[in-house]
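The structure appears right after this line, and notes come after that.
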Amino acid sequence: MTVQSAWFWAIGRIDLHSFAFVRAWEDPSLDKMIAAGAASLVVLGAIAVFAIITKLRKWRYLWQDWFTSVDHKKIGIMYVILSGIMLTRAVIEAVLMRMQQAVAVNQPGIVAPEHFGELFSTHGSIMIFFMAMPFLTGIINYVMPLQIVARDVAFPTLNSISLGLTVSGAVLLMISLVVGKFSTGGWSGYPPYTEMAFNSGVGPDYWIWAVTLSSIGSTMTGLNFAVTIYKSRAPGMHLFRMPLFCWTALCTSILMIFAMPPLTVATLMLALDRYLDFHLFTTDLGGNMMNYANLFWLFGHPEVYILILPAFGVYSEVISTFSAKRLYAYRTLVYATMVIAVLSFTVWLHHFFTMGQNANINGFFGIATMCVGIPTGVKVYDWILTMYRGRVRFTVPMLYAIAFLVTFVIGGMTGIILATPPLDYVVHNTLFLVAHFHNMLIPGLLYGMLAGYQFWFPKAFGFRLDETWGRISFACWVVGFYLAFMPLYVLGAMGMPRRMAGVFQGEYLPWLIIACIGAFILLAALGALFVQLVISIRRREKTRVPAGDPWDGRSLEWAISSPPPEYNFAVIPCVEDRDPFALRKEQGRAYQPPHAYEDIEMPKNSVLGPVLCIVGAAAGFALVWHIWWLAILSFLGILAAVIVSSFSRDTHRVIPASEVARTHEHWLRTVAEARAIPRELETRSANEGLAESAV
C-alpha cells in the first residue's frame with residue numbers, strides 16, 4: 001500500500017485545501033477571509049463552550065439532566081436552543097447576501113459567485129430544516145402534552161432520538177464551514193446540477209446527509225406526536241375539546257408522516273446517483289430529473305403547511321388569551337385546518353409551472369392553489385372576530401399576532417398572483433418569488449414561533465421575559481421585514497433574477513440598498529431578542545410567576561406551576577369544556593386540592609438519543625469524505641446501540657405519592673399567598689402568576 005493510498009484509507013478525500021483556513025492563507029482575498037472568519041467562529045465557539053462547561057464542571061449535570069433526558073419539556077427546550085443557534089447563522093448569511101447584491105452592481109462585490117451560491121444554499125437549508133422545523137417541533141414538544149394533560153409523549157425515547165438526528169444534521173452543516181464547502185445547488189438540491197458530473201465536490205454530499213438525518217428525525221417526530229394526541233388525551237377531552245394548537249399539531253404531525261418520506265427517498269436516490277452512478281435523475285441511461293422535482297415538491301409544499309399550521313395554532317391561543325374571549329367559530333377553525341392539510345398535497349406542481357407541463361395540468365394546479373386561500377381566509381376572519389369587542393391587551397405575543405394578520409394577507413394576495421400560471425411563468429425565476437415566500441414564512445412561521453416563545457416562556461422557566469426589549473425586537477423584526485422584502489417585489493417586477501451574485505442594471509441599486517438596510521435591521525432584531533433573554537435572566541427574581549397563570553390562560557397548561565414538575569400534573573383532571581381552565585376559574589375550582597394522590601410512573605433517561613446523535617454525525621461526515629472505515633464503524637455502532645437498548649427492561653421509575661403530594665401542596669400554598677393582579681399590571685413585577693380572571 002502506497003503512502004497516498006494509506007492516507008486515503010484513513011482520511012478519505014480530506015487534504016489541506018479542504019480547510020477554510022488553509023484556503024485563506026494561500027489566497028488572502030476578501031472572499032476567502034470571510035469564509036475563514038466564519039470557520040473561526042465555529043471552531044472558537046465550540047472551544048469556548050467546551051471550556052466554559054468544563055470550568056463550571058457541568059458535564060455530568062448536562063448529561064444526566066438534559067442530554068439523556070426523555071422529558072418532553074427538556075427536549076422541547078433543546079430543540080428551541082438549536083433553532084436559535086441556526087437562526088443566528090442563517091440571518092448573518094442573509095445579511096451577507098444582501099450586502100453582496102447591494103455592492104455588486106457592475107462590480108465584483110464582497111464574495112465570489114460560488115461562495116454566494118453556498119450562502120443561499122445554506123441559508124435556505126438552515127431556515128427550513130434546522131431553524132423552522134426545530135423551532136416548531138420544540139414548541140409542540142413542550143406545549144402539546146401539557147394541553148392534553150399527558151405525562152409525556154407516547155414514545156419518549158423516540159423523541160430523544162429525533163432530536164439527536166436533527167442535531168447531527170445541524171452539526172454536519174456547521175462542520176461544512178470548516179472542512180470542505182457546502183452545496184451550491186440551493187435548498188432544493190435539484191439535479192443535474194447536484195449530480196457528480198456537474199458538481200463533484202463534497203458540497204452536495206453535505207446537503208444530502210444533513211437533510212436525510214433531519215428528515216428521518218422529523219418523520220419519527222410526526223409519528224410520535226400523532227400517537228400522543230390520539231392516545232394520551234385526558235378523560236373527557238374528545239377531539240373537539242382540544243385547544244386549537246393541538247389541532248394544528250395533529251394536522252402537522254400527519255403532514256410530517258406523509259410528506260417527509262418523499263424527501264428522504266429523493267435525497268437517498270440522489271446519493272445513489274452520486275456514489276454508485278445509478279443515473280436515476282440524469283438525462284441519459286433512463287434517468288429523469290423531473291422524478292426528483294416531483295418527489296421533492298411532494299414534500300416541499302406540504303412542508304410549507306408543516307411550518308405554517310403550528311404558527312396558526314399559536315396565534316389562536318395568543319389572540320384568544322389576550323382578547324379575553326373564547327375563540328370565535330372554533331369548529332370552523334378546526335375544519336379550515338384540516339382542509340388546508342388536505343389541499344397541501346394537491347398543489348405541489350405549482351412549484352414548477354415553468355418546466356413544460358401542458359395548460360390543463362397547470363390550470364388544475366393553479367385552481368387548487370387558489371383554493372387554499374379559502375380556508376386561510378376563514379381563519380383570518382375568525383381571528384379578527386375573536387378580537388372584536390374583546391379586551392385586547394397589546395403584549396409582545398399579541399403584537400406579533402397583529403403584525404402577522406396584516407403582513408400575511410399581503411403575502412397571500414401575491415400567492416394568488418403566483419398561482420396564475422401565465423403570471424408565474426413571467427416572475428417565477430425573479431426576486432418576486434423570493435419576496436412572496438419570505439412574506440409567508442417570516443410573518444407566518446417566524447412571528448408565530450416568536451409569539452409562542454414569548455407567550456410560553458414563563459411557563460417553561462418560571463419568569464417572564466422583559467417587555468421593553470421584547471417590543472424593541474418586535475419593532476425591528478417588522479420594520480426590517482418590510483424594508484428587506486417589499487423592495488424585492490419591485491425588483492422582481494422589474495425582471496431581476498433570483499440567486500444573482502451580481503447585476504449590471506443600475507436601476508436596481510436603490511432597491512437593493514433598501515433591502516440591505518432591512519437585512520441589517522433584521523440582524524438587530526435578532527440581537528435584541530438575545531439581549532432580552534440576557535436581561536430577563538438577570539432580573540428573573542423580579543419577574544417570577546410561580547403560581548403559573550400570568551396571562552389569565554384558558555387551557556390546562558396554565559393550571560399548574562411554572563415551571564411544571566417532571567410529571568406535569570399531580571392528578572389527571574377530567575375535561576368538561578374546550579376552555580377547561582377558564583371554566584374552572586369561573587366556577588372557583590381552579591386550585592382545589594385533589595382527594596388523593598397516587599404514585600406516578602415516568603420513563604427513565606436514555607443514552608440512545610445522544611449516542612445516535614454522535615454516531616449519526618460521524619456516519620454523515622464519513623460518507624461525505626469517503627472515509628469508509630468510519631462509515632462502517634458508525635453504521636455498526638447505530639445497529640449495536642439500537643439492539644442493546646432493545647434488551648433494556650428497566651425503563652421506568654416510580655415517583656412516590658408522598659413526593660407528588662408534597663410538591664403539589666407547596667404550589668397550592670404559593671397560589672394561596674399570591675395576589676391576583678388585573679390586566680394592566682400583567683407585565684409588571686406585581687404579576688406572580690395569578691391573573692385576575694375576566695369571568
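Sequence positions, counted from 1, serve as the residue numbers for this chain. No hydrogens, no waters, no symmetry mates; every other heavy atom, side chains included, goes into these values.
Checked against the 6.0 Å centroid threshold, Y489 and F432 count as a close aromatic pair.
Using a 3.5 Å distance cut-off with no hydrogens or angles, the side chains of Y305 and T252 do not pair a donor with an acceptor. There is a side-chain donor-acceptor pair under 3.5 Å between T212 and T267. Residues S125 and W207 bring a donor and an acceptor atom of their side chains to less than 3.5 Å of each other.
Side-chain contact between L512 and M496 is present, with heavy atoms from C-beta onward closer than 4.5 Å. In this structure the side chain of W209 never reaches within 4.5 angstrom of the side chain of F621, judged on heavy atoms. The shortest side-chain heavy-atom distance between R98 and I517 does not fall under the 4.5 Å cut-off. Residues V43 and F21 meet the side-chain proximity criterion, which asks for heavy atoms closer than 4.5 Å. Counting only heavy atoms from C-beta outward, the side chains of F312 and F408 approach each other to under 4.5 Å.
The shortest non-hydrogen separation linking F129 to S214 is O-OG, 3.7 Å. Nearest heavy-atom pair across P204 and G201 is CD-O, 3.7 Å.
Within the model, atoms CD1 of I161 and OG of S168 stand 11.5 Å from one another, a figure rounded to the nearest 0.5 Å. Atom CG of L223 is separated from atom CD1 of I257 by 4.5 Å, given to the nearest 0.5 angstrom. A distance of 7.0 Å separates CD1 in I128 from CZ in F299, rounded to the nearest 0.5 Å.
Applying the 6.0 Å contact sphere to OH of Y275 captures more than 12 heavy atoms from other residues, nucleotides or ligands. Heavy atoms from other residues, nucleotides or ligands lying under 6.0 Å from CH2 of W187 number more than 12. Atom OH of Y190 is surrounded by more than 12 heavy atoms from other residues, nucleotides or ligands within 6.0 Å.
Just one residue in the list W297, F365, F296 forms a ring-ring contact (aromatic ring centres under 6.0 Å, His included) with H351, and that residue is W297.
K181 meets the side-chain contact (heavy atoms from CB on, under 4.5 Å) test with R23, E114, E118; sequence neighbours excluded. Every side-chain contact (heavy atoms from CB on, under 4.5 Å) that T88 has, sequence neighbours left out, goes to I92, L526, F530.
Residue pairs meeting the salt bridge (charged side-chain N to carboxylate O under 4.0 Å, His left out) criterion with at least one member in residues 29-43, sequence neighbours excluded, are D27-K32.
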